[in-house]
Structures are given as structure tokens and as C-alpha cells.
Amino acid sequence: MELSKAYNPKEHEQDIYSLWENNNAFKPSGTGKPFSMVFPPPNANGNLHIGHAFTMGIQDISARYHRLIGCDVLFVPGTDHAGFETQVVFERQLEKEGKSRFDFSREELYSQIWDFVAANKNNVENQLKQLGASFDWSSHVFSLDKKVVDSAYKRFKKMWDDDLIYRGERLVNFCTFHGTAFADIEVEFKEEQGHLWYIKYPVTGTNENLVVATTRPETMLGDTAVAVNPTDKRYQGLIGKTITLPLTNREVPIIADDFVDPEFGTGAVKITPAHDPNDYEAALRHSLPFISVIDFNGKITHEMPEKYRGKKVIEARQAILKDLQGEGFLEKTEDYKHSVGHCYKCKTTIQPLLKEQWFINMKPLAKKAIEALEDKKIKFYPDSKRVQLINYLKQLRDWNISRQISWGIPIPAFVNEDNPDDWIFDERVEQELIEVNNHTYRRDPDVFDTWFSSSSWPYVATDYPSSDNFKKFYPLSLMDTGADILFPWVSRMIMLGLYETDQIPFKDVFMHGLIMAEDGAKMSKSVGNVINPMDVLDKYGSDALRMGMIAGRVAGVNRGYDHRKVEDARNFCNKLWNIARFSQEKVNSSKSKKPVPETVADHWIISKLSDLQNNLAKDMEKYGFAEGYERLYHFIWDDLADWYIEASKSRSNDSILAYTLISSLKLLHPYAPFVTEAIWQSLKPANESELLIGAKLEDIIPSDKKLAAKFDKLKNTVIEIRNISNTLKLIKPSLTMTKLSEVDQEEINLIKKLANLSDIKEVETGKGIKLTSSEMAAWIDVDKSVIDQYLDEVKAKVKQRETQVENLRARLSNKSYIEKAPKKLIEDTKKNLKETEEEITALKEEATRF
RNA sequence: GGACCCUUAGCUCAGUUGGCUAGAGCGCUUCCUUGACGUGGAAGAGGUCAGAGGUUCAAGUCCUCUAGGGUCCACCA
């Protein structure tokens, strides 16, 4: 098959992927050291974003590289039902159709979203294939698959029995627009410009007022105390007395509690236990009643004075402030900046509301995780993320896992219709009512927080507890995710993995930074700076997208997307393609030949190849994906194409060229799976695997280091000649040498070819510009007029070298340096000094000679 | 209030446990239609490594402080 002039990814990618799939190339081989990963399941509710493409690239490189070195690789794909997220996406779609979730029953909504997700799941999977994902598709997990749901139920029951799960009325983070509670981690806090209102609370039976400061005056309707710090001298006399609340005329006590900061506001705090986490805690300590002011629709409850009932929070606030002002209770208003929680989807202010929910007691789970992390049982790249995670776990509070939405895994719990405290576990969630022991039980209408099920991903994906996969591949070798889900996901996988399997879920965690927009800002649909990976792929190819994203990125650091890197990677694919085009016939003709290095160039390229293979192994071990890429790029482009292939035009060794190309294809394959496989298929190298994806790495054939070094010297000579030619605008100059006959003819030819010389001839005495980089006595044959131009350059060079010599001498005359620096370093310094001095002598000779 | 990260060439970024003349890509300048590639080839210019102090024989790298940028966490009403 003849290769086209330029690599066109579109002509190959789909076919190549099918070729792999049809040959079951992604299945674990069953032999070799196990290497396992599960892909963080994308939400099955739309398209992949650039972050997915990036993490896909990193993990697919790891998977393919480990196959290459003979590991037994399990790479598990998955998709997430993404409960709340998906419901939001679906509701937006409903909105466009002029409908809302209230138009449907829970069951209707569920089944509609099911269809919506099924379609998107397909879409996501197709996109992953385009990205080159070498997944074992047969082990694909969808987060509503039976095994995931069963596992969630089992875990729920186990935790219930272990007293780790409890149901209780607590303050929860409630979004009144979406009508559901959230975990703490899901609340988005933002600085907001608000006000601090100072309200006078009359002390009962006196003319005194106790002034409190608040950012939320509307909650005063639910105040059940006013608190001061017990050490606050100003209020000593008031503790134990009561105040009469304005507007409602309820009498509430003045209490003393340490949590009050005397410095803040007036040092007196209104206590609204039903709407503030601090106040809630205080109320528990002081046995205060809880009065709900705001309902789940974000409106004032019916228990409140009639004039405020049914008003939205902000309206109620205005009305209350107006009334307070009218009655003389408002002392003053100050501007105040404070942090307010918002729904991360609709930005509605989160209301802390009292609600009965299922909670997980996180302390014991976090404790185990912290221990594992402090012992470095799990390695983090970068390690700073491990430290961050420990800090997070230390302050973790109980986790609310109930969600008031329809899309998700129903909570398998039922309540006795006659006794609200009698909750039982039962998996018959498809029924609303069940009979147990002659009592009717009603299903909890809520579903699990998605993270509750997805935190089981590593062990559910490997079929805990008894499957072969679990035994072989758990704990996973590597978990790669974005830094944004360190807390919500990685932390929970560790905690629940330890809880359920008694083992860490993965050995290494690679936290990649986020891909920001080109200007460095966060990508966001509303800002419109989102880069669609599929567009990039369409234009530049899958390999270019992958390498372009990985180039120059280091673990844990956010970086802007850079289209130039993608372009550069596209060019690189094309370069490789053309190397293959140049080599195609040579590969064919040398199929039966054993590669044996003959020329200095052969030894040099083989030794470079060997270095590449060794260093790449080191890169992969420490997840240096960008370093690996750069290494491959420079080997293939600079060493192979610019030097070796050029040298081969002087004298070629086809079997070595073929060998080098084939080895390069193997090594680059993880980074550029499509183009390398396409080339492989057209070359069909002898005695190798049919598919490149199935090829294995072998030790590089031996090369002679001395001969390789000889080529390096020759290279320097060529570079010097090119440099002089360029500076002096010489076109095809000729070289004269005094001892030409002592130099190998082949090397002479090589220099002539590479340095673009017209001729190399022997002379009695040299004339022209003497080369300084070479041991050979060689001169570029030029006229006197040209030499004058060159003299200035020589002088500058001498000066530079002299400074260098000075520095080296100073270092060597430093006693401490001689005593303390490693011997090898001192040797090198001496050697360097000697060489530089010799160079100066040579240069000076040149300068004086003219 | 706390934690973490970043500041190196015009731009985007590398720089392992401190070690010789600080690297890459893009861009820029000059040149080249050389048997694959102009998505190419050759040569080159360009950096007081944010600033100050310290440790060390030796600091882009370690420590302290300062300035600027970013991210995350936290129940100050």
C-alpha cells in the first residue's frame, strides 16, 4: 500500500479502531504483571468535554504502555447516571419544551430520563472510541447496572448495621429551586456584598435593649434565644433574663455560650436554630426549641405571623426591615461582605433547613483514610494533593446522602406508616408500600447522592469480592482524575474502599491539572470559551489532540489549552508518516535481514534508541507523560529524521533503519495510537505482532558506544561547518585536510553529505578557516576577504571561552570545593578546563595566522 | 481565617535528590525547491530564573520575608 503524501487522520482512525475492536485487542492478556485502571465515568447526559479527552489520553497512554512492556492490562470503562446533574440537564430540556418536572410523576420522569441517558451513554461511548480509548468494553460499568445498585444497597445495610448510617433531622443544605438537599461539598460559597443589620431586642421588664447584629433579619421570626459570650462584661447582668422579640412578641432567653465572639458586631447573637448551623449546635447545647421560618419552597412558613406568610425570603426580609424600622427597632445598617452558599447549578442561595435525611457518620471512615494517607499507603502525584486530602478529611462532617430527586438509586428504606421512628431496610424499592409483620411501610421517596454509589467504583468495577478480576487487579494500579474531584470522589473511594474491602482502592493517584481556556480562565459554557475536543479531533486528528494536551503539562497544575501544541503534534504525526514513507521500501527489502549496526551512524542511532527506551520507562514510572512525549518527539524528529535518515542518504543500512522505525512506532504508540498503527499496518513488519497494539517491547540490540561517540563528534564538525557556511553565506564550500588519508572514507562522505560540501580534498598545508570542534586538521577553503569577516567572530568566541576558563580556575582553586564536591565533578571540571584551554589556543592560532 | 499552587526567552511552559555554558515548542531573523515531509530543512538572535535576605564549596532548585497571580477549604452572626 502506498502512503499518501500527508497523513490524513480521518482516512484511518475509524478503521484502525474497528481493527483493534474486532481483534479483541483491549482485553486483558491473561499473562504478565497486572496493571489496572478504571476510567472515571463521564456523566451520561451530553458530550465529553476537554477534561475527559485529557484524562483519557493520560490513562490510555498508561494502558498501552503497560501492554507494550508485557503487563496484563485491565482498563475498565464506565458511565455515570449522575443523578442530580443529569436531572438538571434534563429539566433544561423540558424547559425548552415548555414543561417542568412537576408535570410528571416520579416514575414518568425516571423513565424519560432513562431514555435520555441511554441515548447519551451511546454518544459518550462513541466519543471515547474516537479518542482511541483502549477499554475492555466487555467490562463496562454503568452506575445503574444491577451490580452497582446491589452494592449500594449492601453497603447501605452494612453501614446501617454498623451504626455508621443514621436517619435524623438535621440542618441540611437545601436548594429551594431544585427542591433537594446537598452534601456540604456540593455547596458553592461566594463572597457577597450584603448588610449587617443591628436590631434592638427589648429586655423584658426593663427599658433596656439588647442589640444584635445579623445578615439575615428575616430569620428573627424563628429566634429562640440571644447568646452572649460568658466572659463579656457588658452583658453579665443580662444572662438568664429574657428579651421580647419584636414583631412576634415571643419571649426568648438570653444565654451564655463560648462560641460567641465578643468582638463581632455587638457581641450579642440572635439564635435561629432552624436556619443556621452554629445556632443549631448552640440550640442543642442549651435545649432550645427549633422554629422553622422558611419552608422548602423558600417561603415563610404558615406558623409565622400572617403578614409574612408565603413571602419569599428576600421579600420577607424587606417587609421585616421596614416594620422594624417603623417600630424603632432598627438601630443601624452597615455594609458587610460575607460568604454565602449557593446551589452550584442554579446559583440560588442555599437555605440551611431542618430536614430528616440519611447521614453517614464520617469520623470513623475518615480516620482510617487519614491513617492510610499519612502512612503513604497511596502515592499521590503530586504529593501535595495527599496533604490537602488529609486536611480535608480532618474537618469532614457527616455526609447527607439523601436527595429529593427522582433520577438516581432509590434509597432502600421504608417507614412504618403508624410509627415515623420505625424505619426498616428493604430492597423492594419498586413498590411504594410493603407489608412487613402486619404493618404497612412506605418507601423513602429519596434517592442516593450519586457519589454514594460512585465511591464504590474501584471494587465494584472489578467485581468485589470473589471475582478473578478483583483478586488480580484490586487495588487498582492507578487512579487518574482531575484535581476538582479530589474531595468529592477520590476521598470517598478511599474511605468506602477501606471500609468495604479493607484495602486501599488504588496504589497511585495521579491528579492532573485542569485544562483551562486559552486565556487561562476556567472554561465555562456561559462565558463561551469552551473548547470542544471533538472539534479539535475533527480538525487535527485524535493523536494530535492527545499529544497536544499532554505536551508541557505537569501533575496537579492547571494550564490553559494551547492550540499551537496541538498543531505541533499534528505536524509531528505527519513527520512520522513521512519517515515511514521514506523508509517503506527499505523496510520491505530488509524483512529477512537481521539488523546489525555497521556504520558510526548505525551505532549512534541504536544507542540513542536504547537511551530513549530506558528513559521512557523511567518517565512512565513516575507518570512523566509530558517528559516522555518530549523525549519521543526529539528522538523521532531530531535524531531519526534529521540525522540518521539524512546520514542514510550517504550510506544506508536498511535493516537498521527498519529496526529503528519499528521500535519507534512501538514506543510512540501509546501517545499516538492511530498514526503508529496505520503505519504499522502498511509496513507489516516481519516477525512482529499483526497489530501494533499487541506488540511487545524487547531489549534494544547492542551498539558500540565508541563508534556512537564518533558520530557525535562528526555531528559537531558538521554543525560547525554549517554554522560557518551560514554566517559567511558560503554556498557549498569545500574542505581541505592535511591528513585526509587517515580518515575513514565513509566518514568523509558523511561529512560531505551532511555539511553540504562540494568537495573534500587533501592538501599539504591548510588554508582558510580551521575547524576547532574537530580533531581533524581541516579547513574550510575560503578567500582572504571572507576570512576577515570571520575573524571578529573568532575573537568573540575566544573572549567567551576565556571567561569560562577564569570561572573554572576560580572553582578549582577553591579549597572547600576540592574538599567537599564529589570527585567525579572535580574530574569533569578539570577536563572541561583543559578542553576549553585547548580550544582557546587553537582559536588564537587561527586569529594570528591570518 | 487557613491550605496549596504559580511567577524562568516575545508567548505557552519544562527544569528529577542543589552540580559545569538554564531547556522545549511556537513566534522572530537569515538562508535552502538537497532522493520522505513547506504540517519541511539549515543556521541564528533572545533569559540579571518576580524582588530582598539567608544556608552552602556550589542556589532556578533549600530556608525566611516581600510583591503579584490563581485554586481550594472554613459554621463568624
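Proteins come first, then strands; the chains are lettered A, B, ... in the order of their sequence lines, and each starts at number 1. The shown structure was predicted, so the numbers you read here are calculated from the model rather than taken from an experiment.
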*Asks:* 5'-most contact on RNA chain B: A/Met516 or A/Phe582, nearest heavy atom basis?
*Replies:*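 Looking at the nearest nucleotide for each, A/Phe582 comes out on the 5' side.
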
*Asks:* Quick check on the 6.0 Å ring-centre criterion: do A/Phe54 and A/His512 meet it?
*Replies:*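 Ring centroids of A/Phe54 and A/His512 are less than 6.0 Å from each other.
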
*Asks:* Between B/C13, B/G25, B/G35, which nucleotide gets closest to the side-chain atoms of A/Tyr633?
*Replies:*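 For the A/Tyr633 side chain, the nearest candidate turns out to be B/G25.
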
*Asks:* Classify A/Val554 by what it touches in the nucleic acid, base, sugar-phosphate, or nothing, heavy-atom distance under 4.0 Å.
*Replies:*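 It contacts sugar-phosphate atoms only.
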
*Asks:* Would you measure the distance from the C1' atom in B/G27 across to the matching atom in B/A9 and give it in whole Å?
*Replies:*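 Each nucleotide's C1' atom is 11 Å from the other's.
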
*Asks:* Between A/Gly267 and A/Trp643, which is nearer to the 5' end of RNA chain B once each is assigned its nearest nucleotide?
*Replies:*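 Between the two, 5'-proximity favours A/Trp643.
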
*Asks:* So, does A/Arg811 get its side chain near the phosphate of B/U21, meaning an N or O under 4.0 Å from OP1 or OP2?
*Replies:*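 Yes, such a contact exists.
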
*Asks:* Across all strands shown, which nucleotide pairs with B/A74 by Watson-Crick or G-U wobble geometry, both distances under 3.5 Å?
*Replies:*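 Matched B/A74 with nothing under the 3.5 Å cut-off.
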
*Asks:* Given B/C37, is OP1 or OP2 found less than 4.0 Å from the side-chain N or O atoms of A/Arg581?
*Replies:*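 Looking at the OP1 and OP2 atoms of B/C37, one of them is under 4.0 Å from a side-chain N or O of A/Arg581.
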
*Asks:* Please state how far atom CD1 in A/Ile724 lies from atom P in B/C31, giving the value in whole angstrom units.
*Replies:*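 It works out to 20 Å between those atoms.
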
*Asks:* Base, sugar-phosphate, or nothing for A/Lys815, non-hydrogen atoms under 4.0 angstrom?
*Replies:*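 The residue A/Lys815 makes no contact with any strand.
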
*Asks:* At 4.0 Å (heavy atoms only), tell me whether A/Asn723 reaches a base, stays on the sugar-phosphate, or touches nothing.
*Replies:*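 Since only primed, P, OP1 and OP2 atoms lie under 4.0 Å of A/Asn723, the category is sugar-phosphate.
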
*Asks:* Rounding to an integer number of angstrom, what distance separates B/G18 and B/U30 when you compare their P atoms?
*Replies:*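 Going atom to atom, P in each nucleotide, I get 44 Å.
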
*Asks:* Do A/Phe635 and A/Tyr629 have their ring centres less than 6.0 Å from each other?
*Replies:*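 Ring centres of A/Tyr629 and A/Phe635 not closer than 6.0 Å.
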
*Asks:* Rounded to whole Å, please give me the gap between CG in A/Asp562 and C1' in B/A24.
*Replies:*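 My rounded result for the distance is 13 Å.
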
*Asks:* How many whole angstroms separate atom CG of A/Asn832 from atom P of B/U21?
*Replies:*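 It works out to 8 Å between those atoms.
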
*Asks:* So what does A/Ile645 touch, heavy atoms closer than 4.0 Å: a base, only the sugar-phosphate, or nothing?
*Replies:*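 Base contact.
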
*Asks:* Distance between the P atoms of B/C32 and B/G70, in whole angstroms?
*Replies:*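 Their P atoms lie roughly 48 Å apart.
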
*Asks:* Assign A/Asp568 to base, sugar-phosphate, or nothing according to its heavy-atom contacts below 4.0 angstrom with the strands shown.
*Replies:*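 Counting heavy atoms under 4.0 Å across all strands, the contact made by A/Asp568 is with sugar-phosphate only.
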
*Asks:* Is A/Tyr336 close enough to B/A77 that one of its side-chain N or O atoms is under 4.0 Å from OP1 or OP2 there?
*Replies:*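 Yes, A/Tyr336 has a side-chain N/O under 4.0 Å of OP1/OP2 on B/A77.
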
*Asks:* Phosphate oxygens OP1/OP2 of B/U12: is one of them under 4.0 Å from a side-chain N or O of A/Arg564?
*Replies:*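 Indeed not, no polar side-chain atom of A/Arg564 lies that close.
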
*Asks:* Does B/A42 have its OP1 or OP2 closer than 4.0 Å to a side-chain nitrogen or oxygen of A/Lys753?
*Replies:*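 For A/Lys753, the contact criterion (side-chain N or O under 4.0 Å from OP1 or OP2 of B/A42) is not met.
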
*Asks:* Just call it for A/Phe487: base, sugar-phosphate, or nothing, with non-hydrogen atoms closer than 4.0 Å on any strand.
*Replies:*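 Here A/Phe487 touches the backbone only, sparing every base.
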
*Asks:* Reckon A/Arg216 touches a base, only the sugar-phosphate, or nothing at all at heavy-atom distances under 4.0 Å?
*Replies:*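 It contacts nothing in the nucleic acid.
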
*Asks:* For atom P, what is the distance between B/U61 and B/U48, given to the nearest Å?
*Replies:*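 Comparing P positions in B/U61 and B/U48 gives a spacing of 16 Å.
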
*Asks:* Do A/Ile294 and A/Phe174 make a side-chain contact, defined as non-hydrogen atoms from C-beta onward lying under 4.5 Å apart?
*Replies:*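 Side chain of A/Ile294 against side chain of A/Phe174, heavy atoms only: no contact under 4.5 Å found.
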
*Asks:* So does A/Asn571 get a side-chain nitrogen or oxygen closer than 4.0 Å to the phosphate oxygens (OP1/OP2) of B/G40?
*Replies:*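 For B/G40, OP1 or OP2 has a side-chain N or O of A/Asn571 closer than 4.0 Å.
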
*Asks:* Classify A/Asp642 by what it touches in the nucleic acid, base, sugar-phosphate, or nothing, heavy-atom distance under 4.0 Å.
*Replies:*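 Touches sugar-phosphate only.
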
*Asks:* Within the 4.0 Å heavy-atom criterion, would you say A/Pro352 contacts the bases, only the backbone, or no part of the nucleic acid?
*Replies:*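 Nothing, no heavy atom under 4.0 Å.
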
*Asks:* Provide, to the nearest angstrom, the distance between the NE2 atom belonging to A/His195 and the P atom belonging to B/A77.
*Replies:*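 Roughly 14 Å, once rounded to whole Å.
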
*Asks:* Using the P atom on both, measure B/U8 against B/U16 and round to a whole Å.
*Replies:*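 Rounded to whole Å, the distance is 16 Å.
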
*Asks:* Got A/Tyr561 and A/Asn529 here, is their nearest side-chain heavy-atom distance under 4.5 Å?
*Replies:*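 No, too far: nothing below the 4.5 Å cut-off.
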
*Asks:* Checking base pairs now: Watson-Crick or wobble, both atom distances under 3.5 Å. What partners B/A22?
*Replies:*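 Here B/A22 is not engaged in any pair, so there is no nucleotide opposite it.
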
*Asks:* Within the structure shown, what part of the strands sits under 4.0 Å from A/Phe264 by heavy-atom distance: base, sugar-phosphate, or nothing?
*Replies:*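 Base contact.
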
*Asks:* Is there a side-chain contact between A/Met523 and A/Ile531 in this structure, where contact means two heavy atoms from C-beta onward sitting under 4.5 Å apart?
*Replies:*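 A/Met523 reaches A/Ile531 side chain to side chain.
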
*Asks:* Please state how far atom CD1 in A/Ile485 lies from atom C1' in B/C73, giving the value in whole angstrom units.
*Replies:*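 Rounding to the nearest Å, CD1 of A/Ile485 and C1' of B/C73 are 17 Å apart.
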
*Asks:* Side chains of A/Tyr336 and A/Gln193: any donor to acceptor distance under 3.5 Å?
*Replies:*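 Absent: no donor and acceptor within the cut-off.
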
*Asks:* Nearest of B/G40, B/G19, B/A77 to any side-chain atom of A/Pro822?
*Replies:*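 Looking only at side-chain atoms, A/Pro822 lies closest to B/G19.
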
*Asks:* Can you confirm whether or not the ring centre of A/Phe625 sits under 6.0 Å from the ring centre of A/Tyr671?
*Replies:*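 Not close enough - the centres of the two rings lie 6.0 Å or further apart.
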
*Asks:* Quote, to the nearest angstrom, the P distance that separates B/A24 from B/C65.
*Replies:*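 It works out to 35 Å between them.
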
*Asks:* What's the closest nucleotide to the side chain of A/Lys575 if the choices are B/A77, B/C37, B/C73?
*Replies:*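 Among B/A77, B/C37, B/C73, the one nearest the side chain of A/Lys575 is B/C37.
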
*Asks:* Could you state the NE2-C1' distance from A/His634 to B/A24, rounded to the nearest angstrom?
*Replies:*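 The distance from NE2 of A/His634 to C1' of B/A24 comes to 5 Å, rounded to the nearest Å.
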
*Asks:* Which value, in whole Å, describes the distance between the C1' atoms of nucleotides B/C5 and B/A50?
*Replies:*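 Approximately 16 Å lies between the C1' atom of B/C5 and that of B/A50.
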
*Asks:* Check each of A/Asn615, A/Leu616, A/Asp619 against A/Leu632 using the side-chain contact (heavy atoms from CB on, under 4.5 Å) test, and report the only one that passes.
*Replies:*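 For A/Leu632, the side-chain contact (heavy atoms from CB on, under 4.5 Å) test succeeds with only one of A/Asn615, A/Leu616, A/Asp619, which is A/Leu616.
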
*Asks:* Once you apply a heavy-atom cut-off of 4.0 Å, does A/Lys385 come out as touching a base, just sugar-phosphate, or nothing?
*Replies:*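 Answer is nothing: A/Lys385 stays at 4.0 Å or more from every strand.
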
*Asks:* Counting any heavy atom closer than 4.0 Å, what does A/Glu263 reach on the DNA or RNA strands: base, sugar-phosphate only, or nothing?
*Replies:*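 A/Glu263: no heavy atom of the nucleic acid under 4.0 Å.
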
*Asks:* Counting any heavy atom closer than 4.0 Å, what does A/Ala626 reach on the DNA or RNA strands: base, sugar-phosphate only, or nothing?
*Replies:*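 No contact at all - A/Ala626 keeps every heavy atom at 4.0 Å or more from the nucleic acid.
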
*Asks:* Could you tell me which nucleotide pairs with B/U55 by Watson-Crick or G-U wobble geometry, both distances under 3.5 Å, or answer none if nothing does?
*Replies:*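 Base-paired to nothing in any strand shown.
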
*Asks:* To the nearest Å, how far apart are A/Asp383 CG and B/C4 P?
*Replies:*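 Computing the A/Asp383:CG to B/C4:P distance gives 12 Å.
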
*Asks:* Taking any strand in view, what nucleotide pairs with B/U7 in a Watson-Crick or G-U wobble way, both distances under 3.5 Å?
*Replies:*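 The answer is B/A67, by the H-bond criterion.
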
*Asks:* What is the pairing partner of B/G60, taking Watson-Crick or G-U wobble pairs with both distances under 3.5 Å in any strand?
*Replies:*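 Its partner is none (no Watson-Crick or G-U wobble pair with both distances under 3.5 Å).
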
*Asks:* Using a 4.5 Å cut-off on heavy atoms from C-beta on, say whether the side chain of A/Trp637 contacts that of A/Asp642.
*Replies:*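 Contact flag for A/Asp642/A/Trp637 side chains = yes.
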
*Asks:* At under 4.0 Å between heavy atoms, what does A/Arg722 touch on the DNA or RNA strands: base, sugar-phosphate, or nothing?
*Replies:*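 Touches sugar-phosphate only.
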
*Asks:* Once hydrogens and angles are ignored, does a donor-acceptor distance under 3.5 Å link the base of B/C37 to the side chain of A/Asn574?
*Replies:*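 For A/Asn574, whose side chain was compared with the base of B/C37, there is no donor-acceptor pair (under 3.5 Å).
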
*Asks:* Expressed as a whole number of Å, how far does the C1' atom of B/C13 sit from that of B/G51?
*Replies:*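 The same atom, C1', in both gives a distance of 22 Å.
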
